[in-house]
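Reading through the structure tokens given below for one structure.
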Amino acid sequence: MSESNFIRIIVADDHPVVRQGLATIIERELDMSVVGQASNGWEAKELYSKKRPDVVLMDLRMPKLSGAAAIQNICTDFDDANIIILTTYDSDEDIYNGIQAGAKGYLLKDTEPEEILYAIRTVANGQKYISKVVATKLKERMQKPELSQRELEVLQLITNGNTNQQVAAALFITEGTVKYHVNNILGKLGVSDRTQAVVAAVKRGIVKF
């Protein structure tokens with residue numbers, strides 16, 4: 001098979017063992033070739049520009065530049081980029097943000113090798129591929145109301161243990177405005193108190209605890 005007929009792939013993951021393992025699996029295929037490996041999001045972005053691969057396998061949580069940010073940067077510069085997220089993270093927000101950034105596929109790292117290879121071929125052919133588990137979570141996430149940027153800021157401060165008074169001081173707003181935002185947050189998350197809001201938000205990946 002000539003080089004032009006290979007599906008040219010970049011593997012981006014900050015764990016060397018994972019990168020090498022994926023590369024080994026891919027190189028066994030007669031129609032695929034790994035043309036580069038990146039250990040962080042910045043390397044992935046730079047490597048994409050140099051190699052212009054057919055498909056990128058991208059982890060989400062990487063140093064220097066996150067996977068989601070790298071995807072967004074790549075897709076801004078190259079609207080034909082085919083990127084598959086391959087990660088351990090399956091929270092609502094991780095999935096939603098990854099797809100919103102421009103990823104064409106989303107798989108979890110416990111996916112069988114055969115499915116990963118099938119996803120690569122599918123995405124290289126111009127189609128999207130999202131595993132069933134991820135697709136279910138993405139559908140649920142799409143049906144949930146969006147929190148505004150201010151509501152996210154309030155929620156993160158609450159998660160950090162701040163009182164309404166402290167939140168108001170940090171954001172230069174009144175306590176009454178904080179209470180208004182908190183009520184909106186509770187309604188959108190479908191919970192009845194602040195503790196439940198924090199638990200739901202952390203579980204969904206909206207805030208960091």
(request) Kindly determine whether Leu107 and Val134 satisfy side-chain contact (heavy atoms from CB on, under 4.5 Å), including the steps that lead there. (result) CA-CA 7 Å; Leu107 298 170; Val134 171; over 6 Å; no
For the student: nearest non-hydrogen atoms of [X] and [Y], plus distance:
| X | Y | value |
| --- | --- | --- |
| Ile85 | Gly98 | CD1-CA, 3.5 Å |
| Ala70 | Gly41 | CB-O, 3.6 Å |
| Val55 | Ala124 | CG2-CB, 3.7 Å |
| Ala38 | Ala44 | CB-N, 3.5 Å |
| Val56 | Pro53 | CG2-CG, 3.8 Å |
| Ala201 | Leu189 | CB-CD1, 4.5 Å |

Evaluate the side-chain proximity of [Y] to [X]: yes if any heavy-atom separation is below 4.5 Å, no if none is.
| X | Y | answer |
| --- | --- | --- |
| Glu29 | Ile120 | no |
| Ile130 | Ile99 | yes |
| Glu114 | Leu117 | no |
| Leu60 | Tyr106 | yes |
| Val154 | Asn184 | no |
| Val167 | His181 | no |
| Gln37 | Gln20 | yes |
| Arg194 | Asn164 | yes |

Verify the cluster assignment for [X] and [Y]: are they in a single hydrophobic cluster under the rule of side-chain heavy atoms below 4.5 Å apart?
| X | Y | answer |
| --- | --- | --- |
| Leu57 | Val133 | no |
| Trp42 | Val18 | no |
| Val199 | Val191 | no |

Side-chain donor/acceptor of [X] to backbone N/O of [Y], under 3.5 Å:
| X | Y | answer |
| --- | --- | --- |
| Glu27 | Val34 | yes |
| Asn125 | Arg121 | no |
| Lys104 | Ala81 | yes |
| Asp193 | Thr195 | yes |
| Glu151 | Leu147 | no |

(request) If a pair satisfies side-chain hydrogen bond (donor to acceptor under 3.5 Å, both in side chains) and one of its residues is in residues 46-55, list it, with sequence neighbours excluded. (result) none
(request) Verify the distance criterion only: is there a donor paired with an acceptor across the side chains of Thr111 and Glu115 at less than 3.5 Å? (result) no
(message) Asn73 vs Leu65, test: side-chain contact (heavy atoms from CB on, under 4.5 Å). Steps then yes/no.
(response) CA-CA 10 Å; Asn73 278 313; Leu65 188 68; 3.8 Å; yes
(message) Here's a test for you: under side chain to side chain contact (heavy atoms under 4.5 Å, CB included), which of Val17, Leu86, Ile9 qualifies with Leu22?
(response)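 It is Leu86, the one option of Val17, Leu86, Ile9 that forms the side chain to side chain contact (heavy atoms under 4.5 Å, CB included) with Leu22.
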Starting at [atom1] of [X], measure out to [atom2] of [Y] and round the result to the nearest 0.5 Å.
| X | Y | atom1 | atom2 | answer |
| --- | --- | --- | --- | --- |
| Ser39 | Asp59 | OG | CG | 11.5 Å |
| Met62 | Asn40 | CE | CG | 7.0 Å |
| Ile10 | Glu43 | CD1 | CD | 11.0 Å |
| Ile74 | Ile83 | CD1 | CD1 | 4.0 Å |
| Ile26 | Asp31 | CD1 | CG | 11.0 Å |
| Met58 | Asp13 | CE | CG | 10.5 Å |

(message) Can you confirm whether more than 12 heavy atoms, excluding those of Lys109, are under 6.0 Å from its NZ atom?
(response)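 Above 12, so yes.
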(message) Looking at Phe78, I'd like to know if its CZ atom is crowded, meaning that more than 12 non-hydrogen atoms belonging to other residues, nucleotides or ligands lie closer than 6.0 Å.
(response) yes
(message) Holding to ring-ring contact (aromatic ring centres under 6.0 Å, His included), I want the full list of residues that pass it with Tyr118, two or more places apart in sequence or in another chain.
(response)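 Residues passing ring-ring contact (aromatic ring centres under 6.0 Å, His included) with Tyr118: Tyr129.
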